[in-house]
Each structure stands twice: as structure tokens, then as C-alpha cells.
Trainee: 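After the C-alpha cells below, expect a handful of questions from me.
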Amino acid sequence: MALRHFCTTTYIFNEEGDKCLLIHHKKLPFLLPPGGHIDEDEEYLESSQREVAEELGFAKEDLFYPEYLQLKDNERLQPWAIQEYTIVPDEHFHYDLVFGAIVKESTPIKPNEGESQNVRWIKIEDIDLFETTDECRDNIIKMSKKIRDAREVERVQQDLYIWPRYDISLKKDLCRFVEGRDFGTWNLGDLYEGVPCSFAQKMGVDYGIFTSTGTAGLHAILMALGLKPGDEVIVPSMTFVRAVTPLNHLSLQPVIADIDPSTGNIDPISIEANITLKTKAVIVVHMWGVPADCERISEICKKHDIRMIEDFSHAHFSMYKNQFVGSFGDAAFASLQRKKNVSVGEGGIIVTKDKKTYGRLQHITSPGSFMDQSNYSDIDFSGYGLNMRINPFGALTVKNLLPKIDAILEDKRVAIEKLTTILAKHSDKFELVEIPDYADKSALSWYSYKLKLKNTTLAELKTKKLWKFSDFGYPPIASHCYWEKDTNYFPFCLGIKPEVRTKLPGQEAYLKNRVTLNIPTVPASYWTDKVVAKWEDALAN
């Protein structure tokens with residue numbers, strides 16, 4: 001077959017797949033077809049790799065050809081496809097020769113004679129600015145996405161449980177903030193008013209205010225709602241102890257209510273059984289992302305004229321009957337600590353629908369720091385606060401994450417769905433989490449997954465690859481070592497301990513054989529059929 005001249009296009013990607021070398025070759029000798037001179041006994045793939053190395057001056061070891069850029073298999077992209085060629089006026093042939101190689105950006109490029117000398121890295125999003133064929137543009141975009149998706153899977157595989165997974169946009173936002181003018185302004189732009197209120201309004205509540213921690217948020221709420229020393233506050237028998245300790249500091253009496261044996265959330269029946277004339281509030285914790293029975297508890301609180309305070313630290317944007325938890329009570333708070341779904345490292349948020357409560361919370365959490373409230377003479381609250389403001393970088397992180405939270409939560413829901421399906425095949429070993437009918441199963445913001453063991457042990461499960469089982473975590477509130485501290489120091493010198501007035505059969509039933517299944521923090525795209533099969537095999541063997 002006669003030797004002809006061709007104009008060809010080669011593109012090679014950097015390791016992250018977000019940049020490309022776009023090289024238009026000039027007057028290179030090739031045989032037609034299949035588009036490249038092939039040595040005797042040489043496979044087409046080998047010839048493609050050799051030509052890239054020869055024509056661009058790469059060492060053979062510089063080029064990397066990962067599995068996901070190999071020949072087409074079912075639905076996979078075929079990066080080595082030769083596009084339809086066209087005959088140009090000078091009778092040279094033009095076609096796109098797709099080399100799906102990857103190299104480091106720092107690799108020296110030395111085009112041989114006949115190559116385009118203007119070889120440089122281009123950003124994939126700028127591909128429309130360069131003269132090439134439509135097929136070339138389409139393939140570059142497709143292959144770039146393929147590489148980036150595969151790279152993300154590789155990173156995920158290295159640590160399935162790393163959290164939080166911030167993206168590069170947060171780094172850019174932090175840099176702009178530090179270099180801009182808002183850092184020195186009174187309210188730091190909109191970080192201390194606009195952003196927390198946007199968080200609250202996404203929940204269907206008017207007002208939001210950031211705090212340094214979730215614990216600080218509860219402390220501020222107890223002050224803002226006007227509770228007095230000696231008042232009783234009903235709390236669940238099972239939750240993190242910091243959902244109770246602020247009561248000690250304010251000389252309030254915690255009263256233990258039982259929990260639902262299936263969800264671990266506070267039991268409405270037990271709430272009502274513990275109400276006395278001294279009861280002024282109930283703290284409702286939505287454990288592990290599963291809502292408590294908000295309607296029943298709200299009705300009880302209204303009936304007895306007591307305050308309803310919600311803790312949605314585990315349940316950012318979980319829904320109860322098409323309404324977000326945290327929007328039922330007089331006020332609600334949440335931790336934004338490093339393991340939460342909206343994670344700023346350390347921080348908290350309060351939300352409320354009551355404007356007067358919001359005003360008092362401003363003075364408690366940040367006295368004198370809001371522009372229109374520096375004069376206390378015309379308000380009915382002293383403004384004597386504890387300065388509980390969140391760090392501005394934490395507030396900025398919330399601003400960055402809030403538009404992404406729906407996708408973050410959907411990734412967790414997909415992970416729970418896949419793992420639950422696998423676990424259900426082993427009903428002899430596991431009792432799965434029971435989701436109450438009132439909860440929107442498609443809108444739960446899973447913080448952790450607490451299942452029960454049957455005919456197996458935690459020690460055995462800890463040997464399973466991929467899967468991460470661990471102890472349950474929290475001790476019951478009444479038996480926590482916190483209450484055994486030295487009474488010479490505040491607040492233990494006040495002698496306030498939780499009162500247990502009724503039996504706690506729900507707590508006993510809930511805790512029996514219950515363990516933690518950590519949720520892998522992976523994108524929904526991670527769960528291919530092949531990956532799910534690996535998880536199934538890891539649990540079965």
C-alpha cells in the first residue's frame with residue numbers, strides 16, 4: 001500500500017485528567033488504514049504507544065495506560081478509535097488518532113521533526129478555544145471525565161471512610177476571604193447573619209445563628225428561653241453527654257426519659273410520664289439521623305406548656321412527614337463538628353422561628369457584635385453573654401458546603417441503601433435499623449448506622465475487609481462517669497445529677513447487642529455492580 005501524508009491529532013492527559021496535550025501533527029508518513037505504520041508482528045495498541053513515545057520524545061516509562069483507557073468493553077469508551085477521516089483540498093488525509101495515555105505535567109516534551117512546535121498543556125474547559133474537529137473535542141471531554149472519575153475512585157479506595165471530603169472550591173473561597181476586605185468588617189460580610197439564616201431557611205425556619213460548638217448552642221438556648229435554676233428539663237436516656245451537661249452549668253435539673261427500643265430516640269410516652277409542675281422543657285435528640293416522633297412530642301409540649309428544644313446534630317436536613325427536623329420546636333441546635341454531615345471542624349448552629357428569641361440569642365452568643373444592637377438600653381434582655389461566636393473560617397466553610405449538602409446526603413443514602421441490601425441477605429447475623437413510618441426514608445441524613453448482631457460477634461466482623469464495624473459508642477446518660485467528678489469544682493459542687501424516676505426498658509432493649517457500622521464516605525458513582533459484589537464477598541467470607 002502506498003505511503004501517504006496525513007495530518008493527525010494526538011491528545012494526552014495529565015494525571016488528574018483536567019489538562020490535555022493537544023498536538024496536531026504535520027506531514028507525517030502513515031499507511032492507510034489503520035492509521036499508523038505498524039511494524040511486523042506488532043499489535044495496534046503497541047504501535048500507538050510506540051508512536052506517542054517516538055514522536056513526542058517521551059521515555060516509554062513516562063506514559064501510563066490505565067485499565068479504564070484500554071480498548072472498548074461493553075459500555076466503556078474506546079480511546080483508540082480512529083474517527084472518520086476526511087480528504088482535505090491538498091489531498092492530505094486528516095483524522096483524530098486518540099492516544100489515551102497519561103503523563104505527569106512535569107514530563108519534558110520534545111516534539112520530533114514534523115510535529116507542531118506549539119505543544120502546551122490546556123485546560124479541558126478551554127478546548128472550544130482550539131481549532132480541531134468536533135469528534136476530537138467530544139472525545140477529550142469524555143476521556144477527561146473518565147480519568148477524573150477513575151482517579152476519584154482510586155482516592156476513595158485508599159480511604160473509604162475519610163471525612164470530610166472538601167473540594168478545591170473551599171480552598172479558593174478561603175483564599176479570597178483572607179485576601180479580601182470582609183475579614184475586617186463588623187459582620188464579616190454575610191457570614192454571621194446571612195449564611196446561618198440561609199441554613200435555617202433551607203430548613204423552613206426564619207432565623208439562624210452560628211455558635212462555637214453545638215454544646216454552646218444548647219447553653220445559649222436554655223438562657224434565651226428563660227429557664228431558671230431549679231427548673232426541670234426532660235432528656236433522653238441515651239445520647240451524647242454534652243446534650244445534658246449545659247444544664248448543670250445553669251443549675252437546671254435533668255430528668256431521664258426512656259427511649260424507643262427500635263430507634264434510640266426519646267419515647268413520647270416516657271416524656272409525659274416524667275412531667276411535673278417543675279418541668280419547663282424537653283430536649284429531643286434525633287439520633288443517628290433518624291427523626292424522633294416530632295408531632296407527638298410537639299403536642300405533649302403544647303398540652304403541658306413546656307418548651308421543645310431539638311438537637312439535630314446527627315440529622316442535618318432529615319425529614320419528618322415532609323418537614324425538616326429542627327423546625328418543630330421553640331428552638332433547635334446542631335453541632336457542625338468534624339464528623340457531622342455539614343462539617344466545619346468545630347462549630348454549631350441554632351435555628352428558631354421566633355424573632356424575639358433570635359434577638360436574645362444574638363446578645364448571648366455575641367454580645368455587642370451585631371451592628372444594629374450595640375445599645376442595650378431599649379431591650380428587655382441584659383445582653384450579658386458568653387461570646388460563643390463561631391470562627392469566621394467555620395462560617396465560610398458552611399457557606400461553601402450549603403449548596404452541596406443535598407449531593408453529600410444523597411451519597412450517604414446511596415451507601416446505606418447498598419449496604420442494607422447486602423446486610424439483608426444475612427438476616428441470621430444482623431437485625432437492621434428500623435425506620436419508623438413517619439420518617440421520610442428517602443430523606444434521612446445518616447450520621448451513623450446502629451444495627452444489632454445475631455449469631456456473630458464484633459470481633460469476627462472486625463476481620464472483614466472493606467467493612468468497618470465498631471463498638472456502639474455512648475454509655476447511657478445516667479451511668480456516665482461525668483457525674484462522678486470531684487465535687488470541689490464547678491459545676492459538680494452544685495450536686496446536680498440526672499434523676500431517673502421511671503424504669504427504662506426501652507434503653508435496655510435498644511442497647512442489647514447493638515454495634516456501629518461506619519458509613520463509607522464515597523460518591524454514589526462508586527457503587528458499581530462490580531464494587532457491590534466485592535463488598536458482598538468481603539462480608540460473606
Trainee: Is the count of non-hydrogen atoms from other residues, nucleotides or ligands lying under 6.0 Å from Phe490 atom CZ greater than 12?
Mentor: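 Atom CZ in Phe490 is packed in, count exceeds 12.
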Trainee: Any side-chain heavy atom of Phe312 sitting closer than 4.5 Å to one from Ile349?
Mentor: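 Side-chain contact under 4.5 Å: yes.
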Trainee: Distance check, rounded to the nearest 0.5 Å: Ile266 atom CD1 versus His286 atom NE2?
Mentor: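 It is 10.5 Å, given to the nearest 0.5 Å.
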Trainee: Which pair of non-hydrogen atoms, one from Thr276 and one from Glu232, has the smallest distance, and what is that distance?
Mentor: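 The pair with the smallest heavy-atom distance is OG1-OE1, 2.8 Å.
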Trainee: Under 4.5 Å between any side-chain heavy atoms of Asn274 and Thr279, yes or no?
Mentor: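 Asn274 does not reach Thr279 side chain to side chain.
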Trainee: Is there a side-chain contact between Ile259 and Asn265 (heavy atoms, below 4.5 Å)?
Mentor: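 No, side chains not in contact.
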Trainee: Which atoms form the tightest heavy-atom contact between Leu227 and Lys280, and what is the distance?
Mentor: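 Closest heavy-atom pair between Leu227 and Lys280: CG-CB, 4.3 Å.
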Trainee: Rounded to the nearest 0.5 Å, how far does NE2 of His219 lie from CE of Met223?
Mentor: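 Nearest 0.5 Å value for the CE-NE2 distance: 5.5 Å.
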Trainee: Would Lys321 pass as a cation-pi partner of Tyr438, given that its NZ or CZ must be under 6.0 Å from the six-membered ring centre and within 45 degrees of the axis?
Mentor: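 Cation-pi check for Lys321 and Tyr438: fails.
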Trainee: Quick check: Phe317 with Phe199 (ring centres under 6.0 Å apart)?
Mentor: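 Phe199 vs Phe317: aromatic centres under 6.0 Å.
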Trainee: Look up atom CG in Leu250 and atom OG1 in Thr245, then write down how far apart they are to the nearest 0.5 Å.
Mentor: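 Between Leu250 CG and Thr245 OG1, I get 10.5 Å after rounding to 0.5 Å.
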Trainee: Specify whether Tyr482 and His480 have parallel, tilted or perpendicular ring planes, treating 30° as the upper limit for parallel and 60° as the lower limit for perpendicular.
Mentor: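 Correct class here is perpendicular.
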Trainee: Under the salt bridge (charged side-chain N to carboxylate O under 4.0 Å, His left out) rule, what pairs show up with a residue in residues 508-529, not counting sequence neighbours?
Mentor: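 Those involving residues 508-529 do not exist here.
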Trainee: Return yes when atom CD1 of Ile269 has more than 12 non-hydrogen atoms of other residues, nucleotides or ligands closer than 6.0 Å, and no otherwise.
Mentor: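 No, the 6.0 Å shell around CD1 holds no more than 12 heavy atoms from other groups.
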Trainee: So, do Pro436 and Asp293 sit near enough that their side-chain heavy atoms are less than 4.5 Å apart?
Mentor: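 Counting from C-beta outward, Pro436 and Asp293 never come under 4.5 Å.
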Trainee: Identify which one of Leu247, Val500, Ile283 satisfies the side-chain contact (heavy atoms from CB on, under 4.5 Å) criterion when paired with Pro254.
Mentor: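 Option passing the side-chain contact (heavy atoms from CB on, under 4.5 Å) with Pro254: Leu247.
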Trainee: Compare all side-chain heavy atoms of Met308 with those of Phe328 and state whether any distance is below 4.5 angstrom.
Mentor: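 When only atoms from C-beta onward are counted, Phe328 and Met308 do touch, with a gap below 4.5 Å.
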Trainee: Taking all non-hydrogen atoms of both residues into account, name the closest pair between Ala415 and Trp527 and its distance.
Mentor: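 Nearest heavy atoms, Ala415 then Trp527: CA-NE1, 3.6 Å.
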Trainee: Assess whether a salt bridge exists between Arg307 and Asp330, defined as any Lys/Arg side-chain N lying under 4.0 Å from an Asp/Glu carboxylate O.
Mentor: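 Yes, this pair counts.
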Trainee: Under a plain distance cut-off of 3.5 Å, with no hydrogens placed, do Ser366 and Arg389 share a side-chain donor-acceptor pair?
Mentor: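 Yes, because at least one side-chain N or O of Arg389 sits under 3.5 Å from a partner of the opposite role on Ser366.
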Trainee: Salt bridge (charged side-chain N to carboxylate O under 4.0 Å, His left out) for Asp190 and Lys399? Distances and angles first, verdict last.
Mentor: CA-CA 9 Å; Asp190 64 347; Lys399 184 177 182 180; 3.4 Å; yes
Trainee: For the residue pair Ala243 and Leu218, what are the closest heavy atoms and their distance?
Mentor: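 Closest approach of Ala243 to Leu218, heavy atoms only: O-CD2, 3.2 Å.
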Trainee: Would one find more than 12 heavy atoms of other residues, nucleotides or ligands at under 6.0 Å from atom NZ of Lys441?
Mentor: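 Check passes, neighbour count above 12.
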Trainee: Could you tell me if the ring centre of Trp288 sits under 6.0 Å from that of Phe472?
Mentor: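 Ring centres of Phe472 and Trp288 closer than 6.0 Å.
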Trainee: When the ring centroid of Tyr192 is compared with that of Phe210, is the distance short of 6.0 Å?
Mentor: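 No, the ring centres sit 6.0 Å or more apart.
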Trainee: Describe, in one word, how the ring planes of Tyr207 and Tyr358 are oriented to each other, choosing from parallel (under 30°), tilted (30 to 60°) and perpendicular (over 60°).
Mentor: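 Ring orientation of Tyr207 relative to Tyr358: parallel.
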Trainee: Should the heavy atoms of other residues, nucleotides or ligands under 6.0 Å from CD of Glu434 be counted, would the total exceed 12?
Mentor: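 No.
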Trainee: Please identify which of these residues, Asp231, Thr357, Asp354, meets the side-chain contact (heavy atoms from CB on, under 4.5 Å) condition with Leu225.
Mentor: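 Of the listed residues Asp231, Thr357, Asp354, the side-chain contact (heavy atoms from CB on, under 4.5 Å) partner of Leu225 is Thr357.
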Trainee: Partners of Trp483 by ring-ring contact (aromatic ring centres under 6.0 Å, His included), sequence neighbours excluded?
Mentor: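 By the ring-ring contact (aromatic ring centres under 6.0 Å, His included) rule, Trp483 matches no residue at all.
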Trainee: With rounding to the nearest 0.5 angstrom, report the CZ to OG1 distance, Arg242 to Thr213.
Mentor: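 Nearest 0.5 Å value for the CZ-OG1 distance: 9.5 Å.
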Trainee: Around Arg501, counting heavy atoms of other residues, nucleotides and ligands shown, do more than 12 lie under 6.0 Å from its CZ?
Mentor: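 Enclosed.
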Trainee: Testing Leu409, Val325, Leu336 for side-chain contact (heavy atoms from CB on, under 4.5 Å) with His316, which one passes?
Mentor: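 The option that passes is Leu336.
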Trainee: Can you tell me how far the CG atom of Leu517 sits from the OG atom of Ser448, to the nearest 0.5 Å?
Mentor: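 Answer for the CG-OG pair, Leu517 versus Ser448, is 7.5 Å.
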Trainee: Taking the side chain as everything from C-beta on, heavy atoms only, tell me whether Ile127 gets closer than 4.5 Å to Cys20.
Mentor: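 No, too far: nothing below the 4.5 Å cut-off.
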Trainee: List, one per line, each side-chain donor-acceptor pair under 3.5 Å for residues 170-180, sequence neighbours excluded.
Mentor:
residue, atom, partner, partner atom, Å
Asp173, OD1, Arg176, NH2, 2.4
Asp173, OD2, Asn400, ND2, 2.8

Trainee: What heavy-atom pair brings Gly326 and Val205 nearest, and what distance separates the two atoms?
Mentor: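 Taking Gly326 first and Val205 second, the nearest heavy atoms are O-CG2, 4.2 Å.
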Trainee: Would you call Asp167 and Lys404 a salt bridge, using N to O less than 4.0 angstrom?
Mentor: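 Salt bridge flag = yes for Lys404 with Asp167.
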Trainee: Answer whether the closest heavy-atom distance between the side chains of Ile275 and Ile300 falls below 4.5 Å.
Mentor: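 Ile275 vs Ile300: side chains touch.
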Trainee: Mark yes when over 12 heavy atoms from residues, nucleotides or ligands other than Leu277 sit less than 6.0 Å from its CG; otherwise mark no.
Mentor: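 Atom CG in Leu277 is not crowded, with 12 or fewer foreign heavy atoms closer than 6.0 Å.
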Trainee: For Trp163, is the NZ or CZ atom of Lys412 found under 6.0 angstrom from the centre of its six-membered ring and inside 45 degrees of the ring axis?
Mentor: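 Lys412 over Trp163 ring: yes.
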Trainee: For a quick test of reading the model, state the closest non-hydrogen atom pair linking Asn518 to Ser470 and the distance between them.
Mentor: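 Closest approach of Asn518 to Ser470: OD1-OG, 3.3 Å.
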Trainee: Identify whether the distance between the nearest side-chain nitrogen and carboxylate oxygen of Asp126 and Lys19 falls below 4.0 Å.
Mentor: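 So Asp126 does not pair with Lys19 through a salt bridge.
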Trainee: Within the 4.5 Å heavy-atom criterion, are Leu504 and Pro476 side-chain neighbours or not?
Mentor: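 No, too far: nothing below the 4.5 Å cut-off.
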Trainee: Any chance you could measure Ser479, atom OG, to Gln507, atom CD, to the nearest 0.5 Å?
Mentor: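 Result: 7.0 Å between the selected atoms.
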